[in-house]
Participant: 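Sharing a structure, written as structure tokens. Questions coming.
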Amino acid sequence: MTTPNGPTQQFRTARDFLVQHAHDYETAYEGFAWPRPDRFNWALDWFDVIADGNEKIALHIVEEAGEEARFSFDALRRRSNRVANWLRAQGVRPGDRILLMLGNQVELWEVMLAAMKLRAVVIPATPLLGPADLTDRVERGRARHVVARPEDVAKFTEVPGEYTRVVVGGQPADGWLGYEDADGAEETFEPDGVTLADDPMLLYFTSGTTARPKLVEHTHVSYPVGHLATMFWIGLRPGDVHLNISSPGWAKHAWSNFFAPWNAEATVFLYNYTRFDAGRLMAAMDRAGVTSFCAPPTVWRMLIQADLTQLATPPREVVAAGEPLNPEVIEQVKRAWGITIRDGFGQTETAVQVSNSPGQLLKPGSMGRPSPGFVVELLDPVTGEPGASEGEISLDLAAHPVGLMVGYHGDPERTAEAMAGGYYRTGDIGSRDAEGYLTYVGRADDVFKASDYKISPFELESALLEHEAVAEAAVVPAPDTLRLNVPKAYVVLAEGFEPGPDTAKLLFEHSRAVLAPYKRLRRIEFAELPKTVSGKIRRIELRERTAQDASAEYREEDFR
């Protein structure tokens, strides 16, 4: 039962306001106020409330071979209660850290809900991690419990530490508890204390594109409540069927496979595959009746290599996040589906900060305007003052954005640096036009100078992707005695094109045709792009490779 001014009603009022004004950005931005309860447990105060007796589908999982599983809201409420009671019997206590390493399977959602109910802290981890990464996570995260798949059990023989081991499925190995024993636990759950809004709930290791992964701490409000903004960006409504392609273990999975859709009382739909097949994915989307779809740029770039008209009923809403989406991809999807992909910008540290929400005027290349609840400033790169037309994308801390991390766990110096001067600094550079629209320029570490001109790798990569020969590209600075640096592109070719001087010549000609002289590509190398396990391009590795070995590159001057 909810009280008129209780945390559930506060949350519902804010949620309903954003749903009501989903196509009216100005009203939503000006009128939205974060709910700020002192005590809040999203699993108990929101999910269980909307789930009690609710037989609508909360989670729908389709396997590559065709098997399907559907779970109602009420079934997940009851199943997570059993898991919470069983985990408590195994010694899980409030504040304990649980390293959760599962695939897209129902148990992942059960453990997430159960851990919240217990006030335990979840450390999500992708199953792609090996023993060295797991050791780092167990040690720095101070994990006291591990939940993993049978195929990953052997990895933990090399991970030292005293922690409870739980295996999901299969015959439990030595020293491992069988998750299936939770089926016999009580279905009614009673919390053993109140959940304070600022109690820790999640510890996320970032993907480490430039350095050792950071450990981001979120609370019982910063992600559950913060992702009201993400719900608004996607345009989710009660009853929607939402598909988000994201690997478990990364923040975007929690964004759009957990909090945002269930904030909206929508169905989470998953299609599990071992190898990406655009045709089969679209067939699954049609069968499930997907109404909203989110995918990272890598997936969008693979999709446009296929015949998009295979999808008989395109989703109402389509969005992209993770890295900026190139204009050529947006245009191809619009031609095929009659709908425009809307960009959003956020980080593991935050919910979506800037976005093109439904109903906004879309400007080519722009990632939109600040999300409701966020005051976004551009800090001058020299003075650090706000109000720059181009500068570091930052959040005004005086506005107390709920959807922002507590800080970097165990690293007060890095936290202080990120929060210096009353602003949370993202490390990303953007520009703002007269109407408040923001355009992504690049990571502060990625933007470079050539002949005293500032170069945005993203702009050059977008230009390259306009050519039919290019499937993916990454631009980095290459040392040059005259210009200091020149732009160099690492290119992954589309099917039907072969690496070699003829293709390099085509791409240099394309570069000269579409880019200003000071921006055009001077060097090209055909190679696979190194990526983090979350799929982001490791430009730092490409910069190092460029500085050490130029033997495989083609130079523009060779084709004059």
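Model, not experiment: these values are computed from the prediction. One is the number of the first residue; the rest follow in order along the sequence.
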Participant: Begin from the C-alpha positions of Phe258 and Leu113 and carry the test side chain to side chain contact (heavy atoms under 4.5 Å, CB included) through to its verdict.
Facilitator: CA-CA 10 Å; Phe258 199 83; Leu113 290 167; 3.9 Å; yes
Participant: Report, as yes or no, whether the 6.0 Å neighbourhood of atom CD on Glu55 holds more than 12 heavy atoms from other residues, nucleotides or ligands.
Facilitator: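 Yes, CD of Glu55 has more than 12 neighbouring heavy atoms, counting only those of other groups under 6.0 Å.
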Participant: Can you label the angle between the His227 ring and the Phe259 ring as parallel, tilted or perpendicular, going by 30° and 60°?
Facilitator: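 Rings of His227 and Phe259: parallel, under 30°.
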Participant: What are the two closest non-hydrogen atoms of Thr188 and Asn85, and how far apart are they?
Facilitator: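 It is O-ND2, 3.0 Å.
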Participant: Evaluate the ring planes of Phe374 and Trp34, with Trp represented by its six-membered ring, and classify them as parallel (under 30°), tilted (30 to 60°) or perpendicular (over 60°).
Facilitator: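 Because their plane-to-plane angle is over 60°, the rings of Phe374 and Trp34 count as perpendicular.
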Participant: With a cut-off of 6.0 Å (strictly less than), are more than 12 heavy atoms of other residues, nucleotides or ligands near CZ of Arg144?
Facilitator: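 No, CZ of Arg144 has 12 or fewer neighbouring heavy atoms, counting only those of other groups under 6.0 Å.
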Participant: When you measure from the side chain of Ser222 to the backbone of His218, do you find a donor-acceptor pair of N or O atoms at a distance under 3.5 Å?
Facilitator: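 No: the side chain of Ser222 does not pair with the backbone of His218.
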Participant: Give a yes or no on whether the backbone of Leu129 and the side-chain of Asp133 come within a donor-acceptor separation of less than 3.5 Å.
Facilitator: no
Participant: Just checking, Arg137 and Phe205: is the charged tip under 6.0 Å from the six-membered ring centre and within 45° of the axis?
Facilitator: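 Flagged: Arg137 positioned over aromatic ring of Phe205.
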Participant: Testing the 3.5 Å rule here: is there a donor-acceptor pair between the side chains of Asp240 and Ser292?
Facilitator: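 No, Ser292 and Asp240 have no side-chain donor paired with an acceptor closer than 3.5 Å.
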Participant: For residues Glu110 and Ser80, report the shortest heavy-atom separation together with the two atoms involved.
Facilitator: O-CB, 3.8 Å
Participant: Give the minimum heavy-atom separation between Val319 and Trp233, together with the two atoms involved.
Facilitator: CB-CZ2, 3.4 Å
Participant: Quickly, which of Leu203, Leu202, Asp199 forms a side chain to side chain contact (heavy atoms under 4.5 Å, CB included) with Val121? Name it, please.
Facilitator: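 Result: among Leu203, Leu202, Asp199, Leu203 is the only option passing the side chain to side chain contact (heavy atoms under 4.5 Å, CB included) with Val121.
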Participant: Regarding Glu349 and Lys214, does a basic nitrogen lie under 4.0 Å from an acidic carboxylate oxygen?
Facilitator: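 Salt bridge between Glu349 and Lys214, a charged N being under 4.0 Å from a carboxylate O: yes.
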Participant: Would you verify whether the NZ or CZ of Arg275 falls within 45 degrees of the ring axis of Tyr273 while also being under 6.0 Å from that six-membered ring's centre?
Facilitator: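 No, Arg275 and Tyr273 do not form such a contact.
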